[in-house]
Structures are given as structure tokens and as C-alpha cells.
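The structure appears right after this line, and notes come after that.
Below, chain A is the first sequence line, B the second, and so on; all start at residue 1.
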Amino acid sequence: MTLAAFAYQRPRSLAEAVEAMAEAPDARWLSGGMSLLPMMKLELAAPPALLDLSGVEDLRGIRDEGDFLHIGAMTRHVELARDPAVRRDAHLASLAAERIGDPQVRNRGTVGGSLAHADPAADLPAALLALDAEVEAVSARGRRALSVQDLLLGPMMTALEPDELIVAIRIPKHTGHRQAYTKVPHPASGYAVVGVAVAIHEEGGRVRQAAIAVTGVALKAFRAARAEAVLAGQAVDQEVLAEAAGLVCDGQDVLGDVYASAAYRRQLAQVVTRRTLEGLR
Amino acid sequence: MTEEATATQVRQEIPITVHINGAAQSTAIAPNVLLSEFLRDHLALTGTHVGCDTSQCGACTVLVDGRVVKSCTILAVQADGMSVTTVEGLRAGSVLHPVQEAFRAHHALQCGFCTPGALMLAAGLLMDNPHPTRSEIREGLDGIVCRCTGYENIVEAVADAAERLAEEVRPHGA
């Protein structure tokens with residue numbers, strides 16, 4: 001189906017991109033296009049202009065910055081899944097990236113695009129929430145950093161201003177943490193009915209830090225704070241894991257739809273969380 | 001914005017050069033033309049099929065710079081400067097690609113509509129991972145929806161194609 005007409009520019013630098021957006025405030029950023037182009041076909045989005053970010057070198061590459069990994073916003077999912085530094089220091093991000101969509105989508109889709117799109121059942125937000133990642137955003141007014149937690153406001157809603165662009169994701173290294181991502185995909189769409197991301201750091205047989213983040217279950221990905229609190233400081237056994245898993249949806253308005261009722265989804269999230277935690281042992 | 005400016009914007013055409021099946025194609029093209037439309041409607045390369053046209057079925061899969069991509073979900077202007085291989089470019093002259101031979105040998109199709117996409121997906125997966133396990137083949141075929149075969153013969157064909165390609169690299173079994 002032919003897309004409605006729009007104007008197109010491919011800026012050659014970040015400065016040029018920001019300037020072009022300031023001149024055409026109704027324009028939209030085009031990153032991998034894996035969500036935006038289908039939305040335009042379905043007339044859910046009709047931007048008068050697209051600014052294609054593929055020519056902006058500053059948005060590429062993965063760098064080691066000491067305690068952090070710097071992931072350029074145009075990093076493709078396939079690159080995130082395979083990068084040796086990411087696999088070593090933020091394995092959870094790789095594990096989630098390799099479960100996104102299908103091979104064609106992972107070859108085109110980008111980290112920044114996925115976060116900015118903020119689909120409530122997307123894989124990356126859960127992993128990046130659990131890893132305490134932050135995004136660096138830029139506009140004509142300057143740069144700012146915000147946590148992924150603060151970025152995600154709701155379904156397809158973020159704290160980004162319309163003219164703001166995610167330039168990078170910064171992930172604190174989780175080198176010694178045990179990490180896992182479990183996804184129950186919807187059989188047709190491939191999106192998560194439930195997706196659970198965990199990163200656990202133990203010392204001397206006790207949990208020093210526990211992060212559990214869930215996608216697909218509520219209107220945005222969330223951290224399971226009460227479940228995390230149950231694990232903190234504990235010598236983990238079957239009973240503690242079961243108690244934590246039972247609290248994973250605590251305080252959440254769990255989604256129900258034709259495929260998975262709210263009660264089923266809640267139960268599934270608890271089971272998936274328990275199995276994911278058990279799998280780390 | 002004046003009416004004149006709007007009209008100019010709608011008529012915008014972007015010069016692009018895309019290397020398609022080894023030949024450079026230079027043209028000026030409207031930004032809303034999809035790569036699938038460029039291939040089929042502008043270049044008459046109708047081997048690339050468009051099924052769902054919403055990035056789900058994978059029938060339109062081609063290789064872009066050696067990686068599998070759904071041509072219905074990339075603008076032709078985004079392929080500027082890149083190399084695209086379609087099903088028409090898969091074989092070498094009159095010799096079928098090992099993936100094509102394997103699909104024929106295992107009858108990895110029924111109606112054939114998704115087959116161009118399945119062939120390109122298989123070829124791309126084997127470039128990326130020349131010795132996939134059965135499970136990796138099944139995982140990779142997630143990128144194509146085939147309503148006829150139940151996938152079994154496609155999995156067989158991809159496994160066989162991997163062996164045929166390995167034979168090509170080491171023709172004397174050394």
C-alpha cells in the first residue's frame with residue numbers, strides 16, 4: 001500500500017538533525033522504521049516530514065566508558081544481541097534483544113527507536129529498566145539525561161519532548177550479576193504476553209541487589225519493587241523465590257485482552273518470574 | 001506554509017543509487033516509495049512478493065547489504081548506497097543457488113507465494129550462520145509465514161542447503 005506523501009531529509013550530523021527538527025517541528029525521526037512505517041501504512045501516524053537518522057555517525061557504536069556502556073541510539077537489535085562487551089557487562093540487554101521480533105526486524109530495528117516508541121509489550125524496556133539504564137536526549141535546547149524509569153510514561157508515551165532525540169543509552173555495568181530474560185510471546189504478533197527480566201547480584205550467599213522488571217503485563221514496563229524487596233539480603237531458597245514471584249504484579253493494573261485475561265496474565269507473570277529466578281540458581 | 005511550498009514538498013524526489021543484483025540503479029524517487037514498490041513497480045522485479053504489507057509475513061524479504069530485510073518496511077530512499085539482492089539475483093547465471101536446489105529437492109513449498117521470501121530468508125540465515133542447528137533454523141524461519149507447508153520441508157531444505165553450501169566451499173571433502 002502506498003504511503004501518504006511526506007517530505008524527507010537525511011541529516012549528516014547531529015547538529016544538522018537538531019537544526020532540521022527545529023525548522024520542521026511536525027517532523028518525526030526515522031530510525032529503523034520497524035514501528036513507524038507500519039503505523040504510517042495503517043494511518044495511525046501521518047507525519048508531514050521524516051528526518052532519517054541513518055546518516056548521523058554520532059548515533060552509532062558501542063563504547064566502554066568505565067563503569068558504563070554507551071550504546072548509540074542507532075545500534076541495531078542484532079548488534080546489541082551479539083556485541084561482546086554487552087554480552088559480558090550487560091548480558092540482559094543482549095538476551096532481550098535476541099528475542100525481539102524476527103531476524104528481519106532485528107536487522108533494522110534500533111535500540112533508540114524501540115525505547116522512543118515505548119510499546120508496552122516491547123522487550124528492551126524491561127531489560128533496560130532492570131539494568132538501571134538511562135537515556136541521553138538532545139534537542140535545540142541542549143542535552144539531558146533521564147532514567148528509563150522516568151522516560152516511560154505509558155503506552156507509546158514517553159517523557160521526550162516532540163523535538164527531542166535519544167542519542168544514546170547508558171547502561172551501568174552488571175558484570176558479576178546473574179541475568180535472564182524470559183518471554184512468553186503472543187503466537188501471532190511475537191510481542192510479549194509476559195516478559196520478565198532479572199538481574200541478581202549475590203555476595204557470600206546472600207542477595208545484595210535484585211532487579212526484576214516486567215513487560216507486556218501493564219500499560220508500561222515496570223520494576224517489581226515488592227518482589228525485589230523480598231529477595232534483598234536473603235539467602236535465597238525455594239520459599240523466598242516463590243514469595244517474591246507471588247508479588248511480581250503487586251500494585252499493578254494488570255492488562256486483560258482476548259488472548260490473555262488479567263487473571264491469567266497475572267498468574268503467568270508469577271510463574272514466569274519464579275521459573276526465571278530458579279533458572280539462575 | 002504557502003500552497004506552492006506544499007506542492008513542492010509533495011513532489012519531492014530524491015536521487016538514489018541502489019545496487020540491485022549487482023547492477024547500479026540510479027534514479028530520482030519520491031520518499032514515500034517503499035523498496036518493495038521500487039523493485040516491483042519501477043524495476044519490474046516481481047519475484048519479490050508482497051503478502052501482508054504490514055511487516056508480518058516476510059514474503060517480501062530481500063537481502064540489503066547481506067542482511068535479511070522486509071522490503072515492504074524500508075523506504076527505497078533508505079536503501080540509497082546499499083546493495084540489494086532479490087530472488088532474481090540469487091542464482092548464478094543458469095545455476096540455481098544451493099538454497100533453491102534444496103527447496104526443489106525437498107518440495108519446500110506448496111502454493112509458492114511465500115517462497116521468494118523463504119528463499120531469501122534461508123540464504124541470508126546461512127550467510128550469517130553457515131552451520132545452524134535444527135533449532136536455529138526453526139528460530140530463523142520465524143521471519144516467514146507459510147500457510148501451506150507446516151514448515152517441515154522448509155526446515156529440511158535449509159538443513160540440506162547448509163550441507164550443499166559447505167560442499168561448495170570444500171568440493172573434495174578435504
Side-chain angles (χ1 to χ4, degrees), chain A residues 1-10 23-28 30-44 46-55 74 76-79 81-82 98-110 113 183 185-191, chain B residues 1 5-14 16 29-37 41 50 52-82 117 120-122 124-125 128-129 136 139-145:
Chain A
M1 73 202 81
T2 300
L3 293 169
F6 52 84
Y8 173 89
Q9 271 186 71
R10 184 161 42 190
E23 280 168 18
D26 293 333
R28 296 285 298 270
L30 175 63
S31 184
M34 292 297 96
S35 298
L36 180 56
L37 294 177
M39 284 175 75
M40 288 167 65
K41 288 186 179 193
L42 298 170
E43 297 181 7
L44 297 171
L50 292 181
L51 299 177
D52 179 353
L53 297 169
S54 65
M74 285 293 283
R76 312 273 176 192
H77 301 316
V78 66
E79 295 163 353
R82 294 177 181 183
E98 65 193 18
R99 300 300 311 276
I100 295 171
D102 54 37
Q104 297 98 314
V105 167
R106 292 192 291 274
N107 280 342
R108 291 288 302 161
T110 69
K183 171 183 184 175
H186 187 285
S189 73
Y191 274 96
Chain B
M1 194 179 282
T6 310
T8 309
Q9 197 172 73
V10 171
R11 281 201 307 268
Q12 186 187 15
E13 288 200 333
I14 313 276
I16 60 168
I29 198 161
N32 63 338
V33 177
L34 300 162
L35 179 59
S36 54
E37 294 172 327
D41 304 341
V50 176
C52 69
D53 206 5
T54 48
S55 200
Q56 299 172 63
C57 78
C60 66
T61 299
V62 298
L63 298 179
V64 177
D65 282 350
R67 288 192 182 278
V68 292
V69 163
K70 292 171 196 164
S71 62
C72 83
T73 313
I74 175 173
L75 305 171
V77 289
Q78 288 180 287
D80 182 27
M82 296 182 176
M120 299 316 291
L121 180 61
L125 291 174
D128 195 41
N129 178 5
E136 286 169 338
E139 193 73 17
L141 290 173
D142 193 19
I144 189 91
V145 173

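Every side chain to side chain contact (heavy atoms under 4.5 Å, CB included) that Glu13(B) has, sequence neighbours left out, goes to Ala28(B).
Shown here is Arg28(A), whose CZ atom has no more than 12 heavy atoms of other residues, nucleotides or ligands within 6.0 Å. Within 6.0 Å of the CD atom in Glu98(A), the count of heavy atoms belonging to other residues, nucleotides or ligands exceeds 12.
Smallest separation of non-hydrogen atoms from Pro103(A) and Val68(B): CB-CG2, 4.1 Å. Taking every heavy atom of both residues into account, Ser55(B) and Pro38(A) meet most closely at CB-CG, 4.1 Å. Between Tyr8(A) and Pro31(B), the shortest heavy-atom contact is CB-CB, 3.3 Å.
For the options Glu139(B), Gln78(B), Gln56(B), heavy-atom pairs under 4.5 Å to chain A are most numerous at Gln78(B). The candidate from Ile144(B), Ile14(B), Ile74(B) with the greatest count of non-hydrogen atom pairs under 4.5 Å with chain A is Ile74(B). In terms of non-hydrogen atom pairs under 4.5 Å with chain A, the most contact-rich of Val77(B), Val64(B), Thr61(B), Val33(B) is Val77(B).
Both the backbone and the side chain of Thr73(B) come within less than 4.5 Å of a heavy atom in chain A. Only the side chain of Leu125(B) comes within less than 4.5 Å of a heavy atom of chain A; its backbone N, CA, C and O stay farther away. For Leu121(B), the part lying near chain A is the side chain, with the backbone staying farther off; criterion is any non-hydrogen pair under 4.5 Å. For Ala4(A), the part lying near chain B is the backbone, with the side chain staying farther off; criterion is any non-hydrogen pair under 4.5 Å. Contact of Arg82(A) with chain B is made through the side chain alone, with heavy-atom distances under 4.5 Å. With a threshold of 4.5 angstrom between heavy atoms, Leu50(A) approaches chain B through side-chain atoms but not through N, CA, C or O.
Between the side chain of Asn107(A) and the main chain of Val69(B), no donor-acceptor pair closer than 3.5 Å is present. With hydrogens and angles disregarded, no donor-acceptor distance shorter than 3.5 Å links the side chain of Gln104(A) to the backbone of Gly58(B).
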Give the intermediate values and the outcome of side chain to side chain contact (heavy atoms under 4.5 Å, CB included) for residues Asp128(B) and Val78(A).
CA-CA 11 Å; Asp128(B) 195 41; Val78(A) 66; 5.6 Å; no

Tell me, with the steps shown, if Leu3(A) and Leu75(B) meet side chain to side chain contact (heavy atoms under 4.5 Å, CB included).
CA-CA 10 Å; Leu3(A) 293 169; Leu75(B) 305 171; 3.7 Å; yes

Any chance you could lay out the salt bridge (charged side-chain N to carboxylate O under 4.0 Å, His left out) test for Arg106(A) and Asp142(B), step after step, and finish with the verdict?
CA-CA 12 Å; Arg106(A) 292 192 291 274; Asp142(B) 193 19; 5.3 Å; no

Using side chain to side chain contact (heavy atoms under 4.5 Å, CB included), reason through Leu34(B) and Lys41(A) one step at a time and then give a plain yes or no.
CA-CA 11 Å; Leu34(B) 300 162; Lys41(A) 288 186 179 193; 3.6 Å; yes

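To the nearest 0.5 Å, atom OG1 of residue Thr2(A) and atom CD of residue Glu37(B) are 4.0 Å apart. The distance from atom CG of Asp53(B) to atom CG of Leu42(A), rounded to the nearest 0.5 Å, is 9.5 Å.
Sorted by first then second residue, the salt bridge (charged side-chain N to carboxylate O under 4.0 Å, His left out) pairs that include residues 57-82 of chain B, not counting sequence neighbours, are Arg10(A)-Asp80(B), Asp102(A)-Lys70(B).
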